[in-house]
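Owing to the predicted nature of the structure, the values given are computational and were not obtained by experimental measurement.
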Amino acid sequence: MTTDSPMIEKYVEKYAQEIDRYFEKAADTKRLLNLVAMLWPSIKDRDAERVATSDPDEMARVRKFLSDKLGIEADDEMDAGIDAVVEKYGRSNRNKHRAVLYYELFRHFDKETLLDAAAGDEDSPASPGDSGSTKGGPGSGDGHTTEGDKTVPQILFIDAKDAQEAARRRLERELSNLRKRYDEKKNLSKDEVKKLRFLSQILDGTTYPPEDDIVPAGAESAVVMTPGYALDDTYVALREQLGNLFRNDPVPILKDGHFGAGKTVNQMKENDIATAAVWGAITGDGTVAPSVLDAIGYDTSATPPEIKLPKPTSRFSRAVTEAFSDYNSNPKLYKAVLKVMAEAPDVNETGTLVARDWIAVTRTLLGQGVTTETPSLAGRIRAAIDDRLSPSTRKVTSTAEIIIPDLEKNTAQEVLPVNLEAAQAIYFAAMVDEGGLFDTVDKLAELFQIGALPLEKGSAGEYLYDYIRRTPDRISAYERRNTYARVFGVAVGDPNAAGAQFRNFDELWLRFVSAVSDWFRKSQVESLFATNGRYVPSQEQVRKTGLDLAANLSLYCYGGTWFIASELQKNISEYVDLLSSPEVRRLYGARDMWQVIDQVSVLEFGRPINTIRARTMANAGATIIGWLEKNAEKLSHPGSVLISPAELANPPSRSTANSINDPSDYDLVTACEQWLAIEGVGEDIVDVKAAASPSAVTTTTPVRVPPAAQEILGAFGFSHNGGRQAGAPTNGSGRVQ
């Protein structure tokens with residue numbers, strides 16, 4: 001036996017119970033133990049542990065096992081034996097374990113005595129399903145379609161495989177925490193019990209705890225079906241979206257980095273390639289999908305069973321539609337690029353590709369007007385690949401693609417929605433940073449490192465250890481604050497840092513928020529006195545102040561801002577999970593993460609923090625910027641209805657997450673009122689700020705001023721970073737004369 005012996009014995013016990021449940025004769029535990037130990041290198045991987053008897057590749061592996069290891073010829077008798085065992089196991093049972101199936105095949109063909117040999121002996125039969133095998137038949141993972149054929153390389157999207165493995169680990173940690181709390185008789189809320197049961201179904205194929213909650217802790221009810229596909233948030237959300245676009249054709253299953261059963265370009269079906277393309281585009285652009293942990297239902301009657309997610313945001317739905325439309329516009333080019341990348345030894349050296357690299361290369365070619373009819377197509381594809389995979393383009397902190405449009409347009413102001421998306425994330429980060437989130441995690445890591453934090457071995461400790469090890473790669477507090485200073489002009493950055501700063505952000509922000517509030521209040525008053533229907537005051541002041549704010553925010557979010565925003569968003573999600581974990585909350589006797597921050601701020605820093613203000617400002621501000629991003633086009637078209645009075649009269653019921661990611665007009669008005677209330681801005685100030693004012697002057701792109709020009713500007717009172725030097729004259733409006 002190996003160092004994994006305790007785990008192997010646990011698996012043997014589970015398999016023995018399953019044999020008792022489905023087959024007439026109980027298992028010989030010694031022989032079953034030898035079989036499990038023999039198969040262990042492969043079945044300890046959760047995906048390889050199960051057998052999909054409806055998958056031709058899987059059944060080919062089973063037949064190869066019977067032929068090569070048991071000496072049985074591949075004929076009708078072999079197929080009849082397999083069918084007999086599968087029938088007893090249950091054809092509709094999607095949770096068939098490889099070890100159980102193989103054990104029953106040993107018994108069916110009277111080969112049980114072969115299992116008397118100790119596992120690990122040189123003469124022991126090898127596992128046909130061993131994922132470590134490098135040669136053999138279909139699905140062996142050798143990088144070729146058939147044995148001995150080294151001409152057709154396989155495709156495995158390594159980023160898709162990493163995403164599904166990371167998703168499973170995240171869900172398993174959540175399941176482990178909930179089970180532990182349930183078994184320890186801790187009080188779980190109804191939502192937590194529902195989540196525990198859901199995670200048990202999709203991960204273990206069991207209902208735990210059972211519906212009646214009567215059985216002892218650790219017991220399991222009848223086996224239910226598991227999804228059978230990757231649990232990555234983006235892929236699960238895509239299944240429903242693409243199911244509508246593919247009409248009657250099924251959405252391929254993502255498994256071990258493969259979309260569908262095909263392992264090469266020629267073997268992949270059209271839907272397989274389309275799904276991989278859309279998945280690569282969505283993940284590459286950093287579009288957030290609904291989380292599996294927020295699932296609202298689980299349909300076990302579907303084949304495979306389907307997870308029902310909340311309605312995705314309009315941003316996600318729009319991104320899926322656009323990605324699918326991009327693929328449909330030239331599927332032959334997408335396939336041609338994929339084939340070149342698969343057959344290039346330097347790109348597909350290990351049989352793995354990165355889906356978002358494939359999408360980025362194809363987008364580059366589409367932007368250049370390249371089609372499959374373009375002369376020297378292979379050369380053009382190769383040049384685009386080399387450009388994408390060069391070291392300077394691969395070492396980035398985010399894989400999101402920022403496509404900057406033509407900046408030489410005849411327009412006074414330009415708003416790039418993608419830049420506002422970055423501004424939204426950075427504003428949210430700045431507010432929660434002010435609320436002590438980053439400092440609290442830093443302090444917990446410091447206490448954990450010196451052994452002053454009484455955390456037992458678990459997910460929280462594992463994360464803090466990893467947090468400490470990744471310190472050099474993380475965005476520092478100095479970099480965060482310089483970003484806040486550049487994008488919002490806040491006085492927390494290095495005054496000597498290079499780069500222009502949005503110094504009049506506060507003024508433009510307050511003008512827009514006040515304009516929205518003032519318009520809403522006037523519309524309410526006017527409606528009371530209107531005689532012929534509802535009168536709606538002009539929205540042009542709202543439009544004008546919104547355009548001023550959006551155009552300037554867009555200007556100060558060029559360059560690396562999007563990448564910083566993407567990384568900060570990821571960090572905040574991790575920190576929220578950490579501070580909300582039962583282990584950390586238990587240490588400080590806190591009900592939620594904000595109480596943890598309060599306790600750490602007082603105990604470790606000696607100062608209280610107004611966390612209510614921080615989270616209100618974060619949610620309200622992110623909603624306002626999200627609305628500007630969503631309505632960027634409307635802001636540039638005077639005369640159209642910007643804020644819908646009908647929606648304000650009949651507001652929808654929405655969660656905070658939806659209000660931020662897909663804000664409605666009602667969400668905008670509510671966020672503006674919340675922001676003014678939490679900041680204590682009186683009505684007199686609102687009236688003043690909402691009044692008409694000159695438009696802010698905005699250039700269309702960041703400008704790099706040559707050193708000689710900097711000296712000339714300096715002589716007139718300007719600094720090279722776009723600010724004004726002390727003592728420079730100004731006019732009455734605060735602008736430099």
Side-chain angles (χ1 to χ4, degrees), residues 411-417 419-424 426-427 487-490 501-526 536-557 617 620-645 647-648 659 663-700 731-735:
T411 178
Q413 296 179 340
E414 182 178 346
V415 181
L416 298 182
N419 285 9
L420 293 184
E421 188 177 345
Q424 180 191 37
I426 291 175
Y427 185 93
V487 178
F488 306 117
V490 294
Q501 297 183 0
F502 190 180
R503 297 186 184 278
N504 61 339
F505 168 80
D506 289 341
E507 175 72 14
L508 295 181
W509 179 270
L510 185 54
R511 284 192 179 279
F512 174 66
V513 173
S514 298
V516 172
S517 177
D518 183 66
W519 174 87
F520 175 68
R521 295 172 188 179
K522 286 180 179 178
S523 67
Q524 299 300 301
V525 173
E526 293 289 351
V536 180
S538 172
Q539 300 183 3
E540 292 311 304
Q541 183 63 13
V542 175
R543 187 191 315 278
K544 180 259 176 188
T545 55
L547 185 57
D548 283 348
L549 176 60
N552 279 275
L553 269 178
S554 177
L555 171 64
Y556 289 92
C557 287
M617 293 277 284
T623 299
I624 293 169
I625 298 176
W627 185 90
L628 290 173
E629 177 207 346
K630 180 179 178 181
N631 295 276
E633 187 174 352
K634 286 185 179 180
L635 291 172
S636 301
H637 292 81
S640 61
V641 176
L642 192 63
I643 301 177
S644 170
E647 183 175 298
L648 298 184
S659 299
S664 65
D665 295 343
Y666 178 79
D667 294 328
L668 169 69
V669 173
T670 302
C672 289
E673 295 291 346
Q674 287 178 337
W675 192 92
L676 291 169
I678 201 71
E679 280 291 86
V681 179
E683 290 189 16
D684 54 336
I685 298 178
V686 171
D687 292 339
V688 173
K689 293 300 180 181
S693 61
S695 295
V697 178
T698 307
T699 58
T700 56
N731 59 20
S733 65
R735 293 179 181 163

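The closest donor-acceptor contact from the side chain of D667 to the backbone of S664 lies under 3.5 Å. A donor-acceptor contact shorter than 3.5 Å links the side chain of S554 to the backbone of L416.
Within the 4.5 Å cutoff, side-chain heavy atoms of W519 are placed close to those of Q539. Side-chain contact between V487 and L553 is present, with at least one heavy-atom pair separated by less than 4.5 Å. Within the 4.5 Å cutoff, no side-chain heavy atoms of I625 are placed close to those of E629.
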Enumerate, atom names and distances included, each donor-acceptor pair closer than 3.5 Å involving a side-chain atom of residues 669-677, sequence neighbours excluded.
{"unit_1": "T670", "atom_1": "OG1", "unit_2": "Y666", "atom_2": "O", "d": "2.9"}
{"unit_1": "E673", "atom_1": "OE1", "unit_2": "R521", "atom_2": "NH2", "d": "3.1"}
{"unit_1": "E673", "atom_1": "OE2", "unit_2": "S517", "atom_2": "OG", "d": "2.9"}
{"unit_1": "W675", "atom_1": "NE1", "unit_2": "Y427", "atom_2": "OH", "d": "3.2"}

request  = I would like to know whether L549 and F505 meet side chain to side chain contact (heavy atoms under 4.5 Å, CB included); could you show each step before the answer?
outcome  = CA-CA 7 Å; L549 176 60; F505 168 80; 4.0 Å; yes

inquiry  = Test side chain to side chain contact (heavy atoms under 4.5 Å, CB included) on I643 and F520; report intermediate values, then the result.
reply    = CA-CA 9 Å; I643 301 177; F520 175 68; over 6 Å; no

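Heavy-atom neighbours of E679 CD from other residues, nucleotides or ligands within 6.0 Å: above the threshold of 12.
Screening T545, V513, N552 for a side chain to side chain contact (heavy atoms under 4.5 Å, CB included) involving L508 leaves a single residue, N552.
The CD atom of E540 sits 4.5 Å away from atom CZ of R543, with the distance rounded to the nearest 0.5 Å. A distance of 8.5 Å separates CG of L510 from CG of D506, quoted to the nearest 0.5 Å. Between the CG atom of D548 and the CG atom of L635 there is a distance of 10.0 Å, given to the nearest 0.5 Å.
For T623 against L668, the heavy-atom pair with the smallest separation is CG2-N, 4.5 Å.
The side chain to side chain donor-acceptor pair (under 3.5 Å) test applied to W627 returns D665, not counting sequence neighbours. Listed by chain and number, the residues in a salt bridge (Lys or Arg N to Asp or Glu O under 4.0 Å) with E507 are R511, K689 (sequence neighbours excluded).
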